[in-house]
Amino acid sequence: MRKKVIAGNWKMYNDIPASVNLISELKKSLSGQEIKADVIICPPFTSLDTAKTLIEGSVIKLGAQNMYFEENGAYTGEISASMLKSAGCEFVILGHSERRTIFLENDQLINKKIKKALSSALKPIFCVGETLQQRESGTTESVIKTQVTEGLSGVSAEDLKKIIIAYEPVWAIGTGKTASPDQAQEVHKFIRTLVEKLYSKEAADEIIIQYGGSVKPENASLLLSQPDVDGALVGGACLKAESFFSIIKAA
Ligand code: PGA
């Protein structure tokens, strides 16, 4: 049985005081509860160090939202894998659609980042997803196939075990439109079958595939009850402790 993984992508929200508040509230909600899912928060870089201290002794794990693939150097504005490690991160979101569209990241760049994260003992949350136009023109599967195959190029079977794939249809992110449970399941199944072809049945059975895109307390249970949906990557609804906690409970 795959354990469900619920991750909160804070995006560019919450300065340090607001981060302290949100984490304190989340810890209050979680304390004394039997939590069956893994819980990850991904605050902005500036709040990571504070978050690391605050989550000590709780079930909450820490992730970042991006990184660069070089070890260090003259890359103004960038953050390295070892910097994230030293700030207490265990995970890093890579290939998010906002990085792909606004910051023009392509599959090759994302692949380099994934490999660097893995060699630095960071676990990638690797995001893939089609746009509305791609879905409507019937190319969802080929888009996902390219993103997954290129993103995982050169990644060993051993390293694959450390990767979480997040299926996030671009048209569902921050729009309030969610993929229906059937639509999500269909693509998750497609990704799992693709992993089987690229690696093995065992790898496909083990890999965690999260769904992301307007996950909220009201739709979480149905999405998470699909056989190939192993968790959620939550944006908007993770910014309030109460709604993030409801999603964790649903898992
Ligand atoms: P959303 O964002 O839940 O606000 O749609 C999800 C994400 O971008 O990871």
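Just so you know, these numbers come straight off a predicted model, no measurement behind them. In what follows, every heavy atom counts, from backbone to side chain, and hydrogens, waters and symmetry copies are set aside. Read the numbers this way: they start at 1 and go in the same order the structure lists the ligands and their atoms.
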When you check the gap from the basic side-chain N to the acidic O, do Glu71 and Lys116 get nearer than 4.0 Å?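 Counted as a salt bridge, because a side-chain N and a carboxylate O are separated by less than 4.0 Å.
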
Nitrogen or oxygen atoms of [X] and ligand 1 under 3.5 Å apart:
X	value
Ile173	no
Gly213	no
Thr175	no
Gly174	yes

Is it true that [Y] and [X] share a donor-acceptor pair across their side chains at a distance under 3.5 Å?
X	Y	answer
Glu168	His96	yes
Asn111	Ser153	no
Trp171	Gln133	no

Answer side chain, backbone, both or neither: which part of Ala172 comes under 4.0 Å from ligand 1, heavy atoms only.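 Backbone only.
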
Show the atoms of ligand 1 that are less than 4.0 angstrom away from any heavy atom in Gly235.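 Going through ligand 1 atom by atom, the ones under 4.0 Å from Gly235 are 1 (P), 2 (O), 3 (O), 4 (O), 6 (C).
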
Ligand-side contact atoms (ligand 1) for residue partner Glu168, heavy atom cut-off under 4.0 Å: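 Going through ligand 1 atom by atom, the ones under 4.0 Å from Glu168 are 6 (C), 7 (C), 8 (O), 9 (O).
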
So which of Asp228, Asn219, Val234, Thr178 actually passes side-chain contact (heavy atoms from CB on, under 4.5 Å) with Tyr211?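 Of the listed residues Asp228, Asn219, Val234, Thr178, the side-chain contact (heavy atoms from CB on, under 4.5 Å) partner of Tyr211 is Thr178.
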
